[in-house]
Amino acid sequence: MAATTHTVINQVPLLAGYDVYGGDRALTEGVERHIAPGLLDVTREELTVLGRAAGSAQAQEWGAQANENPPKLRTHDRYGNRIDEVDFHPSWHRLLGHAVTSGLTDAWGREGGHLRRAAGFFVWSQAEAGHGCPVSMTHAAVPALRTDPELAAEWEPRLTSHVYDQGLRPAGQKTGVLFGMGMTEKQGGSDVRANTTTATALDASGEYLLTGHKWFCSAPMCDGFLVLAQAPGGLTCFLVPRVLADGTRNVFAIQRLKDKLGNRSNASSEVEFDGTWARRVGEEGRGVRTIIEMVAATRLDCVIGSASLVRQALTQAVHHAEHRSAFGAKLIDQPLMRNVLADLAVESEAATTLTLRLAAAYDAGTEQERAFLRIAVPTAKYWVTKRCTPAVAESLECLGGNGYVEESGLPRLLRESPLNSIWEGSGNVQALDVLRALQREPLALNAFLQEVGLARGADHRLDAAIKNLLTELADLDGIEARARRVVERMALVLQGSLLVRWAPPQVADAFCASRLGGDWGAAFGTLPHTLDLGAVVERARIAG
């Protein structure tokens, strides 16, 4: 007979076998709010299938294996030939393949594509975040390539394919391809105009040879890359294929893989070009303008990714609190824990609601919505990605010591959480980008103010916050040093406006009281105790 000390009690069952999409009320309601009625059934079906896969024990195992067995660089074969290949664990390929076959690289050409893809990316990223990098880059490459109709006609069908065609071969022989990006260099970082990689034209056909070094090249196993280099006419965008049309390898020397804090399953690299064949994309000297739409799309994916991490961390925290007892009661029924969970739930719903609003704006495609996105995307990228790390850390703490153990999965989420705030332009870059839009693009500010103004009169705290924001925007003294403060207020006002219009009253009330009304402490779990916190936590539970 087993000793009583070996009997396991009061431990939380594994959270598996659930529908990540259908169990998330904020997400499902948001999708149904924005999707065209005629697309609702097909969208609900595809996201439900993806949600069940993301919540399965199998997907969780794939995620763990892909991170426990990070990619390995092979620079040469056994004979000394340069091959520059990256080997991944089979689980990485299963995750990436499922993302591609689920349409997560296909948004630009199908009806409601951006909303459907954003929701899918949000759902599937909760299984594992690292493989989202090539998914995001491939999706985002399309608008940059469309500046050259010939290139777009050649590459877009492969980029938006739902076939995961693994292996390095000429793109013309593949039914689906993946793209990466190489912009930053060691001397410049975000200041891409300081790039020193040079481009020498072979002839007038748009073919060039590149020479230089890229400090961060995302997903080096991809089939093609959009890179920036200095041509005679200035900084220019180029397409660099890994394999040339005749089957020979392009010069693409992977010098090393980065040893990163998180995002361990994904390969980030330094690469060297030395007479590397490339095709110009757009005009010489217009590299930043050519690639800027790709950057905007990847920034939105940073918002989606961070919102997804917050939701998954919250889901784990609520699940733990539902099943764990302490001091004679379930954690979820104890007032202070309920305050923490409610605060995290408000943060998650605000991020999710904003994410879906941005994706819907992409689908609308009107001049008004494009102007709104110009200012809303960097604003959201700044704030939602900044809020990710403290939210994930607080969720981990809800599990106590169990959350600090690798087997819980929360440490992996915590290591991943700062990433999206850094990639595609760190916080300062986003804040300064918002300032540029405010100063140079009045249509963007007007579109933003019209959006937040849709909720005026519905909550006095939101009205006061809008008034204070207008005062802040009118004061140009020291505006650059105040940029983070201004952008934070813009993000909170935008989130508050969306929640007042669309969220349940208890969620909107908690957000406005804390984030806008100032009745909030410096840590999660400091919401006013008079709010209906139980209803907020109940909404955050897995539905169904």
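Atoms considered below: every heavy atom in the structure, side chains included; atoms not considered: hydrogens, waters and symmetry mates.
Other residues, nucleotides and ligands contribute only 12 or fewer heavy atoms inside 6.0 Å of the CD atom of Glu480. Taking a 6.0 Å sphere around CD of Glu283, one finds it holds 12 or fewer heavy atoms contributed by other residues, nucleotides or ligands. In this structure, Lys467 places its NZ atom where only 12 or fewer heavy-atom neighbours from other residues, nucleotides or ligands lie under 6.0 Å away. Residue Arg193 places its CZ atom among 12 or fewer non-hydrogen atoms of other residues, nucleotides or ligands, all under 6.0 Å distant.
Within the 4.5 Å cutoff, side-chain heavy atoms of Val507 are placed close to those of Arg539.
Formation of a donor-acceptor pair under 3.5 Å by the Ser125 side chain with backbone atoms of Phe122 is not found in this model. Using modelled atom types, one side-chain atom of Thr353 and one backbone atom of Glu349 make a donor-acceptor pair closer than 3.5 Å. In this structure, Ser421 contributes its side chain and Pro418 its backbone to no donor-acceptor pair below 3.5 Å.
For the residue pair Gln126/Gln312, the side-chain donor-acceptor check at 3.5 Å is satisfied. Side-chain contact annotation: Arg484 with Asn428, donor-acceptor N/O pair under 3.5 Å present. Side chain to side chain, Gln230 and Asn195 fail the donor-acceptor criterion of an N or O pair below 3.5 Å. Checking Trp108 against His114 by side-chain atom types alone, no donor-acceptor pair falls below 3.5 Å. Looking only at atom types and distance, the side chain of Thr196 has a donor-acceptor partner in the side chain of Glu185 under 3.5 Å away.
In this structure, Arg370 is not positioned above the aromatic face of Phe372 in the sense of NZ or CZ being under 6.0 Å from the six-membered ring centre and within 45° of the axis. Seen from the ring of Trp423, Lys381 does not count as a face-on cation partner, given the 6.0 Å and 45° thresholds. Cation-pi geometry between Lys214 and Phe273 is not satisfied (NZ or CZ under 6.0 Å from the ring centre, within 45° of the ring normal).
Exactly one residue among Ser426, Ser417, Cys302 makes a side-chain contact (heavy atoms from CB on, under 4.5 Å) with Thr385. That residue is Cys302.
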